[in-house]
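Position 1 is the first residue of the sequence; numbering continues from there. For clarity, every value in this text was computed on a predicted model and none was experimentally measured.
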Amino acid sequence: AFESRHVREWEVALKEQALAGVHVLRAVAELLPGGSPETPLADLEGMDGAALRTFCRRVVAGVEALLRKQQELLRDGRRQGDGDKMAEQGNSKFAQGEEVLREARFGKMEDFTTGLVGKIGLPNPRLM
């Protein structure tokens with residue numbers, strides 16, 4: 001049970017990262033009427049059932065348009081051979097290309113225990 005929940009959460013997180021560039025949340029915010037800097041969701045709070053249903057229909061239509069655009073971009077990218085690049089797009093924040101990767105260097109245990117104080121000394125509070 002834990003493993004399936006973990007796998008599902010991982011899957012959702014990856015989709016969320018990949019959809020970050022689609023700006024779904026921004027589309028919803030742009031469709032939401034009214035509000036102010038102090039109470040940005042005031043109109044949402046005041047909506048009755050019918051107004052909320054109408055708003056949700058507009059949101060669904062707006063999100064559908066955004067997802068269709070993203071779908072076209074994904075398909076065009078695959079046709080042009082950029083499939084790998086498009087697949088990595090969701091992790092671009094964390095992963096650099098192979099040209100940027102460096103080999104890790106490890107020190108000894110005493111390097112760890114002495115820390116920065118052992119390497120550069122204590123900070124000097126009198127800078128002037």
Side-chain angles (χ1 to χ4, degrees):
F2 172 77
E3 184 179 351
S4 63
R5 285 186 303 189
H6 178 71
V7 169
R8 176 66 181 147
E9 182 58 32
W10 183 37
E11 177 185 320
V12 169
L14 290 174
K15 289 176 185 178
E16 185 177 14
Q17 289 174 2
L19 286 171
V22 180
H23 305 293
V24 174
L25 191 57
R26 180 172 180 86
V28 173
E30 287 178 352
L31 292 171
L32 187 62
S36 68
E38 295 81 25
T39 55
L41 302 178
D43 282 14
L44 178 64
E45 184 180 1
M47 285 183 188
D48 63 1
L52 187 59
R53 265 190 299 284
T54 302
F55 171 70
C56 288
R57 285 190 198 109
R58 288 179 40 219
V59 167
V60 168
V63 170
E64 182 181 6
L66 284 172
L67 291 177
R68 283 190 192 282
K69 184 177 178 182
Q70 185 68 22
Q71 186 181 44
E72 290 172 17
L73 291 171
L74 288 169
R75 288 177 178 167
D76 288 346
R78 296 223 191 278
R79 279 189 219 117
Q80 295 174 2
D82 291 340
D84 293 337
K85 184 178 177 186
M86 296 297 281
E88 291 175 4
Q89 189 176 27
N91 288 329
S92 64
K93 177 166 91 174
F94 303 107
Q96 303 294 320
E98 286 183 26
E99 65 277 358
V100 182
L101 295 178
R102 297 185 202 120
E103 188 174 326
R105 286 185 257 148
F106 301 95
K108 298 176 184 167
M109 190 61 180
E110 67 186 51
D111 295 331
F112 174 76
T113 56
T114 57
L116 283 177
V117 173
K119 294 239 181 234
I120 62 173
L122 292 171
N124 184 357
R126 295 186 182 191
L127 299 176
M128 299 273 206

Same apolar cluster (I L V M F W Y, side chains within < 4.5 Å links), [X]/[Y]:
{"X": "L67", "Y": "V28", "result": "yes"}
{"X": "V24", "Y": "L41", "result": "yes"}
{"X": "L19", "Y": "L74", "result": "no"}

Donor-acceptor contact present, side-chain [X] to main-chain [Y], <3.5 Å:
{"X": "H23", "Y": "G21", "answer": "yes"}
{"X": "S36", "Y": "T39", "answer": "yes"}
{"X": "D76", "Y": "L73", "answer": "no"}

Crowding at CD, E45 (>12 non-hydrogen neighbours, <6.0 Å):
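Count not over threshold, so no.
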Whichever hydrophobic residues join F112 through chains of side-chain contacts under 4.5 Å:
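Result for F112 is M109.
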Let me confirm one number: the CG-CG distance from D111 to L116, rounded to the nearest 0.5 Å.
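Answer rounded to 0.5 Å: 11.5 Å.
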When rounded to the nearest 0.5 angstrom, what distance separates OG1 in T114 from CD1 in I120?
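That separation rounds to 11.0 Å.
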Using every non-hydrogen atom in the two residues, find where M47 and L32 come nearest and quote the distance to one decimal.
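So the minimum-distance heavy-atom pair works out to CE-CD1, 4.0 Å.
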Please tabulate, for side-chain N and O atoms in residues 57-66, each donor-acceptor pair with protein atoms closer than 3.5 Å (sequence neighbours left out).
{"from": "R58", "atom 1": "NH2", "to": "L31", "atom 2": "O", "distance (Å)": "3.1"}
{"from": "E64", "atom 1": "OE2", "to": "R68", "atom 2": "NE", "distance (Å)": "3.4"}
{"from": "E64", "atom 1": "OE2", "to": "R68", "atom 2": "NH2", "distance (Å)": "2.7"}

Between the side chains of E9 and R5, is the shortest nitrogen-to-carboxylate-oxygen separation below 4.0 Å, so that they form an ion pair?
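Result for this pair is no, no salt bridge flagged.
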K15: salt bridge (Lys or Arg N to Asp or Glu O under 4.0 Å) partners, not counting sequence neighbours:
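Salt bridge (Lys or Arg N to Asp or Glu O under 4.0 Å) check on K15 returns E11.
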Any chance you could lay out the side chain to side chain contact (heavy atoms under 4.5 Å, CB included) test for K69 and V22, step after step, and finish with the verdict?
CA-CA 9 Å; K69 184 177 178 182; V22 180; over 6 Å; no
